[in-house]
Structure formats: C-alpha cells, structure tokens
Amino acid sequence: MRRRHLMLALGAGLLSRAGAQRPERVIAVVARKFVFLPNEITVTRGEPVVLELSAPEVVMGFHAPELQLRGLIIPGQTTRLRWTPERPGQFDFVCDVFCGDGHEGMSGRIIVLA
C-alpha cells in the first residue's frame with residue numbers, strides 16, 4: 001500500500017511539472033543612433049521570450065519580417081514584444097523608422113537554436 005501511495009505522488013508531481021509553462025525570458029534591447037544593443041540575440045526554439053525595447057534618443061522601429069515581429073519604440077517608454085520561437089534559424093531585424101543618416105545600416109540578427 002505504501003508503495004502505491006509513493007507512485008501516485010510521483011506521478012502527480014510529474015504531471016504538474018509537465019503542465020507548467022516555461023517562464024518568459026526577458027531580453028532588453030536598446031535602439032540607439034544607429035545600432036541595436038545587443039545586435040545579436042540568441043534564443044531557443046519553444047522558449048517564451050519578451051523583447052523589451054527602448055530608445056533613449058529618438059523614435060525607432062524594430063522589425064523582424066520573417067518572424068512577424070514589429071514594434072514602434074518611443075523614447076521614455078518600453079515596448080514589449082512577446083514571442084515564442086517556433087523554428088530554428090537566423091533571422092534579420094532592422095530599424096524601420098527613419099532615424100537619421102546611418103539608419104540604413106541599423107540592423108541585427110536573431111538566432112533561434114533547435
């Protein structure tokens with residue numbers, strides 16, 4: 001009888017862990033003239049992610065077209081993009097709001113590991 005209770009308790013513990021959601025990983029990204037910091041972001045497939053975007057100088061944009069991620073970044077505010085990567089690969093992102101000379105080179109890459 002004692003063994004049966006132990007097995008039930010272990011099974012219940014495994015089920016509760018299996019149903020629990022993974023915690024979100026928060027990644028701060030600062031958009032400055034004319035660079036993203038960091039400009040390379042590495043995440044894992046299936047890992048819930050929150051990109052916290054800020055821009056201390058002027059209005060900026062964040063756009064990763066292949067991942068369908070887009071956000072407007074307004075100075076003094078934090079823009080949060082919640083996302084769970086579904087496929088591995090390398091995906092480019094750019095500033096899609098003109099922010100001055102040098103804007104066209106403002107880009108980065110998201111790497112999704114399997």
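Side chains included, hydrogens not; waters and symmetry mates left out as well; all remaining heavy atoms used. All values derive from a computational prediction rather than experimental measurement.
Inter-residue side-chain proximity for Asp96 and Arg70 is flagged as met; some heavy-atom pair is nearer than 4.5 Å. Taking the side chain as every heavy atom from C-beta outward, Glu57 and Arg32 approach each other to under 4.5 Å. Val30 places a side-chain heavy atom less than 4.5 Å from the side chain of Pro56.
With hydrogens and angles ignored, the 3.5 Å screen pairs a side-chain donor or acceptor of His103 with a backbone N or O of Val97.
Interatomic distance, Gln68 CD to His63 NE2, rounded to the nearest 0.5 Å: 8.5 Å. A distance of 6.0 Å separates CD of Glu66 from CZ of Arg87, quoted to the nearest 0.5 Å.
Taking the charged nitrogens against the carboxylate oxygens, Glu52 and Arg80 do have a contact shorter than 4.0 Å, which makes a salt bridge. The pair Glu24-Arg82 meets the salt-bridge criterion, with a side-chain N (NZ, NE, NH1 or NH2) lying under 4.0 Å from an Asp/Glu carboxylate O. Salt-bridge annotation for Arg25 and Glu47: present, with a side-chain N of the basic residue lying under 4.0 Å from a carboxylate O of the acidic one.
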Take Ile111 and Glu40 through the test side-chain contact (heavy atoms from CB on, under 4.5 Å) and record every step on the way to the result. CA-CA 7 Å; Ile111 299 168; Glu40 187 172 284; 3.5 Å; yes
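Under the 4.5 angstrom side-chain criterion for Ile, Leu, Val, Met, Phe, Trp and Tyr, the cluster partners of Met60 are Ile27, Val29, Phe36, Ile41, Val43, Val49, Leu51, Leu53, Val58, Phe62, Leu67, Leu69, Ile73, Leu81, Trp83, Phe91, Phe93, Met106, Ile110, Val112.
Shown here is Glu86, whose CD atom has no more than 12 heavy atoms of other residues, nucleotides or ligands within 6.0 Å.
Taking all atoms of both residues into account, the shortest heavy-atom contact from Val94 to Ser107 is CG1-CB, 4.0 Å. Nearest heavy atoms, Ala28 versus Pro38: O-CD, 3.5 Å.
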